[in-house]
Amino acid sequence: MRKGWQQKAKGIVMSDVKSSNDSIIIFDTTLRDGEQSPGATMNKDEKIRVAKALERLKVDVIEAGFAIASQGDFESIHAIASQVKDSRICSLARAVQGDIERAAEAVKPAQASRIHTFIATSDIHMKHKLRMSPDQVVEQAVASVKLARNLCDDIEFSCEDAGRSDPVFLCRIIEAVINAGARTINIPDTVGYAIPDQFGAMMKHLIENIPNSDKATFSVHCHNDLGLAVANSLSAVQAGARQVECTINGLGERAGNASLEEIVMAIKTRQDLFGLQTGIHTPEILPASRLVSSITGFPVQPNKAIVGANAFARESGIHQDGVLKHRETYEIMKAEDVGWGANKMVLGKHSGRNAFKSRLQELGITFDTDEELNLAFSRFKALADVKHEIFDEDLHVVATNTDLASGGAYAFDAIQVQCVTGQAPTTTISVKVRDGEAFKTIEQTGTGSGPVDATFKAIESIAESGAHLELYSVNAITQGTDSQGEVTVRLSKNGRVVNGCGADVDIITASAMAYIDALNHLAMDVKTHPQKRGI
Ligand code: KIV
Ligand code: ZN
């Protein structure tokens with residue numbers, strides 16, 4: 001039996017009491033590994049909103065960032081540690097003194113905190129990236145865990161690139177760091193190279209052969225380069241891992257990380273096989289997915305499991321007929337269990353604030369302040385004026401799509417577009433530009449090959465960012481021609497890539513909002529990448 005966790009009604013405490021070993025700790029790294037996806041950068045306010053959504057989801061551990069990466073990352077972790085009470089707050093740190101001290105400082109205000117330190121353990125990483133011998137790596141890991149343990153009670157240690165590391169060396173370093181005070185041992189498949197059976201066998205081998213493995217919780221962290229992140233994580237769970245590191249919508253470096261919603265629902269749906277539980281409040285899954293998608297500008301593909309628009313849609317007559325006769329003929333999960341509403345059409349322009357609030361509550365969306373609710377309600381009213389049928393999908397956007405540009409250097413003000421057959425489209429846009437604490441309004445006109453092109457040119461003539469447009473995509477949120485369009489814009493400049501998003505029934509307005517949102521992300525601070533050599 002290993003040391004376990006006990007979740008209390010308020011806050012989480014790591015218990016010295018041996019647990020029954022049938023619960024899985026959900027460690028969410030959307031704000032750290034997820035944010036490392038090119039273009040997924042979030043600002044402090046956005047990170048706080050995501051952290052609160054994760055808290056509502058009852059995630060056990062939130063990896064809120066990599067404190068040494070930038071001043072912005074440090075401040076975001078610090079703010080999350082101050083404001084989130086029901087999840088443990090963690091910062092990543094390379095196995096070096098500066099990183100660990102900065103991480104400790106960032107998580108200090110948290111009710112329950114963790115430092116997650118790591119060093120690479122594969123031959124290829126030790127030789128070519130770290131340029132250190134295996135002995136030096138063990139020494140550095142042990143010293144780092146001891147230092148971290150003096151600053152924080154809860155230490156996680158990761159063997160970066162464990163998936164390609166020598167199991168004999170893994171046993172040696174893990175035994176040493178457990179003796180030094182690490183209580184969670186994470187086995188990452190950093191490059192997404194593992195295959196489920198083999199990865200599960202490796203986890204089993206480590207747990208069975210490390211003499212002090214009973215003093216730590218084993219954890220798994222898989223990347224999705226071969227599309228196997230969830231399968232590999234579940235295989236590791238079957239082999240004895242009791243923490244899974246994952247992200248909302250599977251966001252993460254390259255092809256992403258294991259997706260939280262898929263891990264959680266697989267464990268819940270296949271109780272018969274796993275016999276394990278997570279503490280996740282599953283109706284909060286869809287709101288969290290929508291929020292992360294709208295903040296990062298990474299759309300969720302329609303056929304994505306659990307949270308994709310088609311995940312519970314049934315086109316075939318045979319399937320529809322079967323479900324009407326007996327739901328379980330074709331349904332393995334209930335849509336409402338993960339936050340999808342049973343009713344499709346919900347509110348209209350005569351609906352009041354209370355009806356709006358209670359429908360959002362049914363969808364698992366709550367607000368921390370009345371001011372946030374009031375802002376969302378005015379966005380709902382504005383939408384209901386132009387769109388008669390407001391669907392759940394619209395409500396998710398209205399609730400999560402705050403004035404995306406408000407915290408940044410630019411904010412959308414107004415737009416006028418003229419398209420005449422045979423003439424180049426013209427856009428006149430008015431943008432609020434930050435001037436110290438206040439905003440000044442600047443108007444510009446642009447022409448282009450289409451109205452979107454004209455709009456972006458008009459905005460560029462105000463911002464003069466010199467950024468390169470990498471991607472432009474529009475996605476209809478609901479069916480029908482009065483659907484809101486959700487636009488993603490990806491910009492790059494000097495090797496940095498950022499996304500922006502906007503939603504409106506007018507897709508040119510949504511496009512302008514998305515471009516402005518991307519410009520605001522571009523203006524955010526530049527960060528150190530955790531997996532760059534820094535030792
Ligand atoms: O993929 C990885 O190895 C990581 C570690 C820092 C845990 O993200
Ligand atoms: Zn990772």
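Quick caveat: nothing in here was measured; it's all calculated off a predicted structure. Quick note: residue numbers are just sequence positions, from 1. We count ligands from 1, going down the list as the structure has it; atoms in each ligand are counted the same way.
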Can you tell whether the side chains of D73 and R32 come within less than 4.0 Å, N to carboxylate O?
no
Can a donor-acceptor pair be found between the side chains of T247 and N257 at a distance below 3.5 Å?
no
For H223, counting its heavy atoms only, list the atoms of ligand 1 lying under 4.0 Å from any of them.
1 (O)
Residues R114 and E63 bridged, charged N to O under 4.0 Å
no
Nearest-contact summary for atom 2 (C) of ligand 1 - protein heavy atom, Å:
Q531 NE2, 3.1 Å
Taking the cut-offs as 6.0 angstrom to the six-membered ring centre and 45 degrees off its axis, would you call R88 and F27 a cation-pi pair?
no
Is the distance between the Zn ion (ligand 2) and the nearest N/O/S atom of E245 smaller than 2.8 Å?
no
How close does the nearest protein non-hydrogen atom get to atom 3 (O) of ligand 1, and which residue and atom is it?
T190 OG1, 2.6 Å
Can K47 and D45 be counted as an ion pair, charged N to O under 4.0 angstrom?
no
Can you name the N/O/S atom of D33 that is nearest the Zn ion (ligand 2)?
OD2
Yes or no: does H116 have any heavy atom under 4.0 Å from an atom of ligand 1?
yes
Just which atoms of ligand 1 are under 4.0 Å from any heavy atom in E160?
3 (O)
Kindly confirm or rule out an N or O of S158 lying under 3.5 angstrom from an N or O of ligand 1.
no
Check whether any N or O atom of R32, backbone or side chain, sits under 3.5 Å from an N or O atom of ligand 1, and answer yes or no.
yes
Tell me whether H221 has any N or O atom under 3.5 angstrom from an N or O of ligand 1.
yes
Any carboxylate oxygen within less than 4.0 angstrom of a Lys/Arg side-chain nitrogen, looking at K52 and E55?
no
Kindly determine whether E101 and Q97 satisfy side-chain hydrogen bond (donor to acceptor under 3.5 Å, both in side chains), including the steps that lead there.
CA-CA 6 Å; E101 286 170 352; Q97 185 175 349; 3.0 Å; yes
